[in-house]
Amino acid sequence: MFPPGKRVSIRKLADQLNVSTMPVKEALNKLHQKAFFILNGGVFLLASFHRNN
(Lines give C-alpha, C1' and ligand atoms only; values in the text may rest on other atoms or scores of the structure.)
Protein backbone atom coordinates (compact mmCIF):
# COMPACT_ATOMS: atom_id res chain seq x y z
CA MET A 1 0.00 0.00 0.00
CA PHE A 2 1.30 3.45 -0.89
CA PRO A 3 0.11 6.57 0.91
CA PRO A 4 -0.56 9.68 -1.26
CA GLY A 5 2.63 11.50 -2.18
CA LYS A 6 4.76 8.43 -1.47
CA ARG A 7 7.68 7.93 -3.84
CA VAL A 8 7.37 4.64 -5.71
CA SER A 9 10.61 2.73 -6.30
CA ILE A 10 10.36 0.94 -9.62
CA ARG A 11 13.13 -1.47 -8.62
CA LYS A 12 11.55 -2.36 -5.26
CA LEU A 13 8.12 -2.80 -6.81
CA ALA A 14 9.57 -4.99 -9.57
CA ASP A 15 11.38 -7.09 -6.98
CA GLN A 16 8.18 -7.50 -4.94
CA LEU A 17 6.30 -8.60 -8.07
CA ASN A 18 9.21 -10.78 -9.24
CA VAL A 19 9.32 -9.09 -12.66
CA SER A 20 11.79 -6.88 -14.50
CA THR A 21 11.55 -3.11 -14.22
CA MET A 22 10.21 -2.63 -17.77
CA PRO A 23 6.62 -3.88 -17.15
CA VAL A 24 6.51 -1.85 -13.91
CA LYS A 25 7.60 1.30 -15.77
CA GLU A 26 5.01 0.66 -18.48
CA ALA A 27 2.25 0.11 -15.90
CA LEU A 28 3.19 3.25 -13.94
CA ASN A 29 3.23 5.28 -17.17
CA LYS A 30 -0.29 4.05 -17.99
CA LEU A 31 -1.46 4.89 -14.47
CA HIS A 32 0.19 8.31 -14.81
CA GLN A 33 -1.82 8.92 -17.99
CA LYS A 34 -4.99 8.18 -15.99
CA ALA A 35 -3.86 10.55 -13.18
CA PHE A 36 -3.31 7.83 -10.55
CA PHE A 37 0.38 8.73 -10.34
CA ILE A 38 2.22 12.02 -10.67
CA LEU A 39 5.53 12.14 -12.47
CA ASN A 40 7.75 14.66 -10.71
CA GLY A 41 11.32 15.00 -11.94
CA GLY A 42 11.44 11.41 -13.14
CA VAL A 43 9.97 10.09 -9.87
CA PHE A 44 6.53 8.50 -9.66
CA LEU A 45 4.38 9.66 -6.74
CA LEU A 46 0.95 8.34 -5.85
CA ALA A 47 -1.65 11.04 -6.50
CA SER A 48 -3.94 12.32 -3.75
CA PHE A 49 -7.64 11.74 -4.11
CA HIS A 50 -10.36 13.57 -2.24
CA ARG A 51 -13.91 12.34 -1.83
CA ASN A 52 -16.43 14.91 -3.06
CA ASN A 53 -19.33 15.48 -0.69
Exercise. Can you tell me how far the NZ atom of Lys25 sits from the CZ atom of Arg11, to the nearest 0.5 Å?
Worked result: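 The distance works out to 8.5 Å.
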
For this session: Supply the atom-to-atom distance Thr21 OG1 to Glu26 CD, rounded to the nearest 0.5 angstrom.
Result: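 Going from OG1 on Thr21 over to CD on Glu26, the span is 9.5 Å.
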
Problem set entry | Distance (rounded to the nearest 0.5 Å) between Ser20 OG and Ile10 CD1 |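 Taking OG in Ser20 and CD1 in Ile10, the distance rounds to 11.0 Å.
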
